[in-house]
**Q** 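Encoded as structure tokens, here's the structure I'll be asking about.
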Protein chains: 2
Amino acid sequence: MKIGELAHRSGLTPSRIRFYERIGLLKAVDRKANGYRSYPAEAVTILGLIALAQGAGFSLDEIRGLLPADLEHWEHDALVGALTRKVADIETLQARLTRSKAHLLQVIDEIEARPDDIDCATNARRVLTRLLGEDAEMPVASLRAKQF
Amino acid sequence: MKIGELAHRSGLTPSRIRFYERIGLLKAVDRKANGYRSYPAEAVTILGLIALAQGAGFSLDEIRGLLPADLEHWEHDALVGALTRKVADIETLQARLTRSKAHLLQVIDEIEARPDDIDCATNARRVLTRLLGEDAEMPVASLRAKQF
DNA sequence: CCTGACATTCAAGTTAACTTTAAGGTCAAG
DNA sequence: CTTGACCTTAAAGTTAACTTGAATGTCAGG
């Protein structure tokens, strides 16, 4: 299988597949006489697995550390450990998101539920003062992504 | 107030404050005769607000579009709209994280609960086949962050 | 008057995960 | 024998949000 077909079958681009090879995520593959890469059927599975792991929140570096040379021989303990840590990471992030959401809803409420006897400027000051009194959180990259 | 003191009081670095000015997030500030920036007390509030908004998931671009020239005169509708959209974004991300977590836990279980009459390689094939049959998710940047 | 802690600018570097560009080889079909 | 769809490489560009570096200026204290 040439790289174009592998790209088609895995849903990745050829440049991405070559990139993965360059950074050592994919081991160097056989070449035909003309220099073209020639992939075994298993490559589709490997690429699918990489995409899957990425979707679950693993970086390419992490994936490289976990992906075995042979798809049938995994380092169970390292793998289960990494999966377990990722679950914990997700839980941490979920807790943050829950707090962020509650904060945002509170601000929306404070803006919309302003009593008639308080003018906008005063209400703005009030909200600002309360907001800046609480401890701040660090940015969460994924919330700024155009698409997720 | 010079930039060093503002940095100290806001918890940001001077370079970051200058950077915010350069990209138009902070309007150009008064200068002393020697060229040093001279900030009003309000600047601490503005920077605190920017950091807060970042923590809630807003990009600097988004923040620039929402921050008013005068902290007491906000564009209520645009602001409430943006806050509401951000809440929706958070909910979308939370749903994804919940699915990811469930997937990870299922994989952990399939690895650990392998029946004694099935060998590792067979179990690996079984898990892989099931995994790659499901529809994949796109990467979530925040799960790969070193710190969050 | 000198030293050290500040301040200034502009340009370039950082990170991750790719894509794009440029310049060129291969090959089947018409 | 030419066209177009592939393939190759290496290097540079992309994005966001900063930081770092280089070269230089300012100023208060001893």
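Values in this document were obtained by computation on a predicted structure and should not be read as measured data. Throughout, protein chains are lettered first and strands after them, A, B, ... in sequence-line order, and every chain is numbered starting at 1.
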**Q** Are any non-hydrogen side-chain atoms of Val29(A) and Ser38(A) less than 4.5 angstrom apart?
**A**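 No, every pair of side-chain atoms sits at 4.5 Å or beyond.
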
**Q** Between the protein and nucleotides 28-30 of chain C, which nitrogen or oxygen pairs come in under 3.5 angstrom?
**A**
none

**Q** Residues two or more places apart in sequence or in another chain: which of them pass side chain to side chain contact (heavy atoms under 4.5 Å, CB included) with Ala121(B)?
**A**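 So Ala121(B) forms a side chain to side chain contact (heavy atoms under 4.5 Å, CB included) with Glu72(A), Asp119(B).
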
**Q** I'd like to know if the side chain of Thr45(B) and the backbone of Ala41(B) have a donor-acceptor N/O pair within less than 3.5 Å.
**A**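 Side chain of Thr45(B) to backbone of Ala41(B), a donor-acceptor pair under 3.5 Å: no, none is there.
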
**Q** Which donor-acceptor pairs under 3.5 Å do side chains of residues 16-24 of chain A form with protein atoms, sequence neighbours excluded?
**A**
from	atom 1	to	atom 2	distance (Å)
Arg16(A)	NE	Tyr20(A)	OH	3.0
Arg16(A)	NH2	Tyr20(A)	OH	3.3
Arg16(A)	NH2	Gln54(A)	OE1	3.0
Tyr20(A)	OH	Gln54(A)	OE1	3.2
Glu21(A)	OE1	Arg37(A)	NE	2.8

**Q** Return the value, rounded to whole Å, for the distance between atom CZ of Arg22(B) and atom P of dT9(C).
**A**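 About 10 Å, once rounded to whole Å.
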
**Q** When rounded to the nearest 0.5 angstrom, what distance separates CD1 in Ile111(A) from CG in Leu83(B)?
**A**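 One gets 5.5 Å once the value is rounded to the nearest 0.5 Å.
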
**Q** Quick one: does Glu112(A)'s side chain have a donor or acceptor within less than 3.5 Å of a partner on Asp109(A)'s backbone?
**A**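 No; zero donor-acceptor contacts below 3.5 Å.
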
**Q** Using a strict heavy-atom distance below 4.0 Å, which residues from residues 29-45 of chain A are in contact with DNA chain D?
**A**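 The stretch gives Arg31(A), Gly35(A), Tyr36(A), Arg37(A) as the residues lying under 4.0 Å from the strand, ordered by number.
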
**Q** Grab the CD1-C1' distance between Ile23(A) and dA11(D) for me, whole Å please.
**A**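 The distance from CD1 of Ile23(A) to C1' of dA11(D) comes to 17 Å, rounded to the nearest Å.
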
**Q** To the nearest 0.5 Å, what is the distance between CD1 on Ile46(B) and CD1 on Ile63(B)?
**A**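 It is 12.5 Å, given to the nearest 0.5 Å.
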
**Q** Looking at residues 52-68 of chain A, who's got a heavy atom less than 4.0 Å off DNA chain C?
**A**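 Heavy-atom contacts with DNA chain C come from Gln54(A), Ser59(A), Leu60(A).
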
**Q** Where along residues 1-20 of chain A does a heavy atom fall under 4.0 Å from DNA chain D?
**A**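 Output list: Lys2(A), Ile3(A), Gly4(A), Arg18(A).
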
**Q** Tell me, please, whether Phe58(A) has Lys86(A) positioned over its six-membered ring: NZ or CZ under 6.0 Å from the ring centre and within 45 degrees of its axis?
**A**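 Geometry flag: set, cation within 6.0 Å and 45°.
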
**Q** Starting from Tyr39(B), can I reach Tyr36(B) by hopping between I/L/V/M/F/W/Y residues whose side chains sit under 4.5 Å apart?
**A**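 Cluster IDs for Tyr36(B) and Tyr39(B) differ.
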
**Q** Tell me whether Leu79(A) shares a hydrophobic cluster with Ile118(B), the cluster being built from Ile, Leu, Val, Met, Phe, Trp, Tyr side chains joined at under 4.5 Å.
**A**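 Each belongs to a different hydrophobic cluster.
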
**Q** How long is the straight-line distance from CD1 of Ile108(A) back to NE2 of His103(A), given to the nearest 0.5 Å?
**A**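 If we round to the nearest 0.5 Å, His103(A):NE2 and Ile108(A):CD1 are 13.5 Å apart.
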
**Q** Check this for me: does any side-chain nitrogen of one of Glu110(A) and Arg114(A) sit under 4.0 Å from a carboxylate oxygen of the other?
**A**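 No.
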
**Q** Is the backbone of Gln94(A) close enough, under 3.5 Å, to the side chain of Thr98(A) for a donor and an acceptor to pair up by distance?
**A**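 At least one qualifying donor-acceptor pair exists.
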
